[in-house]
Amino acid sequence: MSERVYNFSAGPGVLPEAVLKKAAEQMMNYDGSGMSVMEMSHRSKVYQSIIDGAEKALRELMNIPSNYKVLFLQGGASMQFAMIPLNLMKNGKADYVNTGEWSTKAIKEAQRFGDVKVVASSEPEVFNHLPSINENEFRADADYVHMTSNNTIFGTSFKKYPDVKGKPLVVDMSSDILSKVIDVNDFAMIYAGAQKNIGPAGVTVVIIREDLIGYARPETPTMLNYKTHADAGSMFNTPPTYGIYLAKLGFEHLLSIGGVPAIEKINVQKAAMLYDAIDNSKLFKCHVQNKEDRSIMNIPFRTDSEDFDKKFLAEAAKEGLVTLSGHRKTGGMRASIYNAMPVEGVEKLVAFIKKFDNEN
Ligand SMILES: *Cc1c(COP(=O)(O)O)cnc(C)c1O
């Protein structure tokens with residue numbers, strides 16, 4: 001294929017073309033260093049300026065207060081499922097909200113370390129809505145509350161958070177970080193695998209309030225202790241140097257186009273176009289019916305017939321609309337329209353949905 005396609009992959013997902021071009025330009029010789037970023041010592045001055053630049057740009061984008069550390073780690077969001085209980089379960093108790101596959105995995109992992117209460121769950125209905133949360137269910141002696149902001153597979157997302165009564169609120173924002181304005185002060189810790197809305201796979205961003213660091217259980221491996229990485233500026237060992245560089249390019253690109261408020265407007269517009277097309281069709285329906293629960297990043301939808309779904313996917317691919325298969329738990333299709341998906345990509349998908357609906 002000679003042309004680039006519109007890639008609706010849930011992750012790793014599409015990256016901004018401007019970022020890929022810049023990386024290509026700088027591939028052989030970064031900023032007069034005579035080498036690729038991939039070849040550089042992470043202890044060099046020039047690399048230090050890259051990781052510092054990544055942190056600075058992210059702090060600016062999210063308005064991160066100075067009492068929060070920004071860490072660039074490895075192991076994916078899935079590694080955080082273990083690091084969180086190891087570091088934050090001081091009394092061995094935590095409360096979780098179960099809104100999808102990733103929440104479920106976080107819960108399972110936390111159960112290895114202590115007493116986990118699931119305060120709300122929408123599992124019986126295949127996570128097709130957000131469960132209502134009774135704030136009285138949060139335990140007074142829980143060490144933290146864990147939630148998933150955007151449910152990548154099922155297509156729901158929280159627009160507001162429950163009152164957790166001063167408990168640290170820890171949120172997995174892997175699939176919607178930087179997609180909309182949030183107030184970091186509302187959270188004790190935010191984490192995200194990079195491969196959806198930040199950069200390539202291999203980097204995990206952790207934004208953690210300083211007062212939570214330093215209480216890891218004694219058996220916590222050095223590499224799984226937030227203190228290790230906070231004290232060493234994410235350079236205790238070799239960090240994922242090239243991934244952090246690409247994340248920096250991505251953050252700077254987002255700043256250059258107006259930051260999170262600007263991309264939020266575009267994201268809301270893209271999602272509205274797509275939901276309208278699906279809701280107004282005769283063939284297609286969304287996995288998530290409650291409009292207020294719907295994600296602006298991941299949109300699972302389907303027809304009533306597996307044959308139609310297959311036909312849709314095959315014909316869409318011919319038009320350069322790719323990676324639209326749904327997760328096996330929902331079937332059908334899923335369009336992931338992260339920050340880097342251009343409006344034109346969604347317009348083309350919408351036009352294709354309308355055409356397919358008319359013809360079938
Ligand atoms: C993709 C995803 C994960 C898993 O991320 P890895 O980096 O592959 O471990 C976890 N949580 C959410 C919400 C995700 O979308």
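Numbering starts at 1 and runs along the sequence shown. Atoms within a ligand are numbered from 1 in the order they appear, just like the ligands themselves.
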Revision key, fill the gap. Check: of F81, W102, Y191, min heavy-atom distance to atom 12 (C) of ligand 1 comes from W102
Point to revise | Numbering as shown, the atoms of ligand 1 that approach G76 to under 4.0 Å (heavy-atom distance) | key: 7 (O), 9 (O)
Study note, to complete from the structure: Heavy-atom closest pair (L274 atom, A335 atom, distance to 0.1 Å) is CD2-CB, 3.8 Å
Point to revise | Cationic N near anionic O, under 4.0 Å, E344 to K348 | key: no
Review point. Nearest to atom 15 (O) of ligand 1, what protein heavy atom do you find, and at what distance?
Key: T152 OG1, 2.4 Å
Check your understanding: Looking only at heavy atoms, is any part of T148 under 4.0 Å from ligand 1, and if so is it the side chain, the backbone, or both, or is it neither?
Key -> side chain
Review point. At what distance is the nearest protein heavy atom to atom 11 (N) of ligand 1, and which residue and atom is it?
Key: D172 OD2, 2.6 Å
Review point. Do the charged groups of D279 and R294 touch, with an N to O distance under 4.0 Å?
Key: yes
Review point. Within the structure, does A77 bring an N/O atom to less than 3.5 angstrom of an N/O atom in ligand 1?
Key: yes
Review point. Quick one: do D115 and R139 make a salt bridge, cutoff under 4.0 Å?
Key: yes
Revision key, fill the gap. heavy-atom search around atom 9 (O) of ligand 1 in the protein gives S78 OG, 2.6 Å
Point to revise | Protein residue, atom and distance nearest to atom 14 (C) of ligand 1, heavy-atom basis | key: K196 NZ, 2.9 Å
**Study point:** Pair listing, salt bridge (charged side-chain N to carboxylate O under 4.0 Å, His left out) test, anchored in residues 15-40, at least two apart
**Key:** R4-E17, E17-K21
Review point. Hey, do the aromatic rings of F352 and F312 have their centres closer than 6.0 Å?
Key: yes
Practice item. Mark up the atoms of ligand 1 that fall under 4.0 Å of a heavy atom belonging to Q195, in ascending order. Key: 5 (O), 6 (P), 7 (O), 8 (O)
Point to revise | Option from Y144, F158, Y161, Y68 for which ring pair (Phe, Tyr, Trp, His ring centres under 6.0 Å) with F187 holds | key: Y161
